[in-house]
Amino acid sequence: MLMVRCPDFVRSSRDEIDDERTRTHLPNWAGPTVETVQCLCSGKRTGMNKAREVLGSFKARFGTGASVYKAPGRVNLIGEHTDYNEGFVLPAAIGFSCWAGIAPREDRKLVLYSGNLGEGREADLDNLGSRGSGQWSDYPIGVAWALEAAGYRLRGADLYISGDVPLGAGLSSSAAIEVSTGYALLSAAGHAIDRTKLAVLCQRAENEFVGARVGIMDQFVSCHGQAGHALLIDCRSLEYRAQKLPAKVKLVICNTMVKHKLQAGGEYNVRRAECEEAVRKLSAALPQVRSLRDVSSEELAQNRNLLSETLYRRCRHIITENKRVQDVAELFEQGKVVGLRELMAASHESMRDDYEISCRELDVMVEIAGRQRGVYGARMTGGGFGGCTINFVDAEHAAEFQARVSAEYETAIGLRPDIYICEASQGAELVEAAAENLTRVIR
Ligand code: GLA
């Protein structure tokens, strides 16, 4: 398959990313209202309005003009928990974003303000520490830490940060704040933007400074996303291909409105540790195996005796999911939707039964979606234990799907879901503000 090559530095810096600390904190800001969310994602409100709003708030707070950068959240179409196993994923950037207004300062201070929380924080670029403190500001400060540690000398800056990615929904609010502030900090210090390097350093910030052992998918697609396309990413080489989505297919995201927090935090890292343990055990018989990416279904079957039943099922999910990602990308490449439904259903079942990261609300949402007209496939998306499902829906039926799923889910679960009809969007970009008119510059 035709992929964009990544520069050599990526391998070495990724190899150093390995941290035993646990996934703990999400940015602690208030989410958007349901109405705002629905109209944003359906494109009725443009990013320019939000940029204007950020500029106004920046001026009111800091008294000067600013440059505004934005980075999107994402939805993963297929390929769950495969990224940290050096496998394949197929995410798309979406129309929910985080915006960072920035103006450089003469000193080495970072003065941060969260528009969502109405809360300020300060940090000293010469004394950032190496671990966060459990605050929302760990994300921007962690990114500054990772950039400086990688040799990018930054300037002090005033930063106003405001986002509309729904929180705890598995749509990557963390990556959006990391990438938007990273892009802003690099630009304010006059550094050229290397998107892959920015993604890797944002992941490092989250792994090491924040303490969440996430893979590369979210930051990567937030940096590289392309309108109308998903990205087929090889998470080992970081090569990727922009995959055009069939024109008649809408991405519809159904938010279950639940996040089983106790499970979500610890269990993500437990799954990761289980995969690592399985690699250790399998490599006794298969010395070439460096990650589950390297194991075939046949090899897994032949060496089943080396693994506990649980580890065997974890491996089976990763190995079969990697294949499904490539199969879905291939269908899209051929402009086909036939076969999509089965691949999406198999992915959901594998997450439910083998990887055990689904929950009742997600299963009910997927089951309801599968009964609607014009649906080409449905599955849970993201880390699991709540959050959202992703549905491929015929454009003609999307509105009907939204209304019916909403009503049926509310009847079954007793919660009204948010349902977003989305477009695949552009990755991180600069939105430059002049006094009277705003000019959008895409780098
Ligand atoms: C979270 C992580 C990603 C990925 C997904 C599961 O979103 O941030 O790196 O592992 O879970 O696919």
Is there a side-chain contact between C315 and L307, using heavy atoms and a 4.5 Å cut-off? yes

Contacts of S350 meeting side-chain contact (heavy atoms from CB on, under 4.5 Å) (sequence neighbours excluded), chain-then-number -> H317, T320, R324, D354

Test side-chain hydrogen bond (donor to acceptor under 3.5 Å, both in side chains), reference S347, set E80, E342, E321, output is E321

Do any N or O atoms from the side chain of H81 and from the backbone of G383 form a donor-acceptor pair under 3.5 angstrom? yes

Using the ring of each side chain (for Trp, its six-membered ring), is H191 parallel, tilted or perpendicular to Y152, with breaks at 30° and 60°? perpendicular

For this session: Report the relative orientation of the aromatic rings in Y113 and Y160; use parallel for angles under 30°, tilted for 30 to 60°, perpendicular for over 60°.
Result: parallel

Note to self: Can you tell whether the side chains of R213 and E276 come within less than 4.0 Å, N to carboxylate O?
What the structure shows: yes

Can you find a pair of side-chain heavy atoms, one from I318 and one from C275, that are under 4.5 Å apart?
yes

Distance-only donor-acceptor check, side chains S162 and K50, under 3.5 Å = yes

Heavy atoms, side chains only, cut-off 4.5 Å: are R195 and Y183 in contact?
-> yes

Here the salt bridge (Lys or Arg N to Asp or Glu O under 4.0 Å) pairs for residues 384-403, sequence neighbours left out, are R373-E400

- Query: Does D164 come within less than 4.0 Å of K70, counting only side-chain N to carboxylate O?
  - Reply: no

ask   = Looking only at side chains, do E206 and Q219 share a donor and an acceptor under 3.5 Å apart?
value = yes

### Message
Under a 3.5 Å cutoff, is there a donor and acceptor pairing between the side chains of E298 and Q302?
### Response
no

Polar side chain donor-acceptor pair, S291 to E86, under 3.5 angstrom = yes

Item to check | Note, V405 side chain near P417 side chain (heavy atom, < 4.5 Å) | outcome: no

key: K250/E423 ion pair, N-O < 4.0 Å   = yes

I'd like to check L110 versus L154 (side-chain heavy atoms, cut-off strictly below 4.5 Å). Are they in contact?
no

**Prompt:** Below 4.5 Å, heavy atoms only, C-beta onward: do I357 and E267 meet side chain to side chain?
**Reply:** no

* Specify whether Y240 and H224 have parallel, tilted or perpendicular ring planes, treating 30° as the upper limit for parallel and 60° as the lower limit for perpendicular. => tilted

- Query: Are the side chains of I253 and Y420 in touch, meaning some heavy atoms are under 4.5 Å apart?
  - Reply: yes

